[in-house]
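What's counted below: heavy atoms across the whole structure, side chains too, no hydrogens, waters or symmetry copies.
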Amino acid sequence: MNSILFGGSNKLEIIDEKSFSRIYDLFWNSSVEFVLKLVKDRDEAENISQDVYIQIWEKREKLHNIEDIKNFLFVCLRNKAFDHLREIKKSSQESAELWQTLNQENEDAGQADFERHNFEKLETAIAGLSQHKRKIVRLKFDENKSYEEISNLLSISTNTVKNHLVQIKKKLKSEVI
């Protein structure tokens, strides 16, 4: 490509705003279209392209050894677009993780409410038992006593303890569930 811009080669020579404007005018549309194919969003493609052109302008003194401006430009555009896509993916993953955490916290809170509600129903149901049956429940479940130990403490047979516990469990199950 022979032009004022490039001399006899495609070498990058951005000396002033006028030469930069020529590069901008020459490649702007194809830059945006190239990035658009990668990011699928015209506004974002324009933003990415604009960022690349700004970086080229800001680093123009360091870029005098670029042999092929078009190739250099499109590699920069591709890299910037890929950075953008990686950032979107990372942001999406972080959002998904945040929603998962929030949902888990809501489920945990819901589960805690459910368990508290059931515990309150259970306490109410136990309070509705006779004093004798409440004592059997306390000995069995609070103090972890065996059937035999309960029968000795209350002076009743082991079978009576078992029968009472079966009746208690049925009553509590029907009232709680």
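A heavy-atom distance below 4.5 Å is not found between the side chains of Leu139 and Tyr147. The shortest distance between side-chain heavy atoms of Leu154 and Val161 does not fall below 4.5 Å. A 4.5 Å side-chain heavy-atom check between Val39 and His84 finds at least one atom pair inside the cut-off. The closest side-chain heavy-atom distance from Gln50 to Trp28 is below 4.5 Å. By the 4.5 Å heavy-atom criterion applied to side chains, Leu36 and Glu33 are counted as neighbours. Residues Lys145 and Lys140 fail the side-chain proximity criterion, which asks for heavy atoms closer than 4.5 Å. Side-chain contact between Phe72 and Cys76 is present, with at least one heavy-atom pair separated by less than 4.5 Å. The shortest side-chain heavy-atom distance between Gln55 and Lys80 falls under the 4.5 Å cut-off.
In this structure, the ring pair (Phe, Tyr, Trp, His ring centres under 6.0 Å) partners of Phe34, at least two apart in sequence or on a different chain, are Phe74. For His164, the ring pair (Phe, Tyr, Trp, His ring centres under 6.0 Å) criterion is met by His132, not counting sequence neighbours.
By the criterion of side-chain heavy atoms lying less than 4.5 angstrom apart, applied directly or through intervening Ile, Leu, Val, Met, Phe, Trp or Tyr residues, Ile88 is not grouped with Leu77; the two fall into different hydrophobic clusters. Note on Ile156 and Leu153: same hydrophobic cluster, where clusters join Ile, Leu, Val, Met, Phe, Trp and Tyr whose side-chain heavy atoms are under 4.5 Å apart, directly or indirectly. Neither Ile69 nor Val75 shares a network with the other; the hydrophobic side chains, linked directly or stepwise wherever heavy atoms of I, L, V, M, F, W or Y lie under 4.5 Å apart, form separate groups for each.
Here the straight-line distance linking atom CD1 of Ile150 with atom CZ of Arg138 works out to 10.0 Å at 0.5 Å rounding. For the atom pair CD1 (Ile168) and NZ (Lys170), the distance works out to 12.5 Å, reported to the nearest 0.5 Å. Separation of atoms CD1 (Ile23) and OG (Ser31) is listed at 10.5 Å; rounding is to 0.5 Å. For the atom pair Leu38 CG and Asn79 CG, the distance stands at 10.5 Å (nearest 0.5 Å). Summarising the geometry, atom CG belonging to Leu73 is positioned 5.0 Å from atom CD1 belonging to Ile56; distances are rounded to the nearest 0.5 Å. Here the CD atom belonging to Glu44 is positioned 9.0 Å from the CG atom belonging to Leu85, to the nearest 0.5 angstrom.
In plain terms, the two heavy atoms of Ile126 and Val137 that are nearest each other are CD1-CG1, 4.3 Å. Residues Asn144 and Glu149 come closest through the heavy atom pair O-OE1, 4.4 Å.
A donor-acceptor pair under 3.5 Å is formed between the side chain of Ser49 and the backbone N or O of Ala45. Checked by atom type and distance alone, the side chain of Arg134 pairs as donor or acceptor with a backbone atom of Ala127 at under 3.5 Å.
The 12-atom threshold is not exceeded at NZ of Lys135, counting heavy atoms of other residues, nucleotides or ligands nearer than 6.0 Å.
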key: Worked verdict on Asn152 versus Glu148 for side-chain contact (heavy atoms from CB on, under 4.5 Å)   = CA-CA 6 Å; Asn152 290 337; Glu148 193 173 309; 4.2 Å; yes

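Ring to ring, Tyr24 and Trp57 are not that close: their centroids are 6.0 angstrom or more apart.
Ion pairing between Arg22 and Asp25 fails under the 4.0 Å rule for side-chain N and carboxylate O. Using a 4.0 Å cut-off between charged side-chain N and carboxylate O, Arg60 and Glu17 make no salt bridge.
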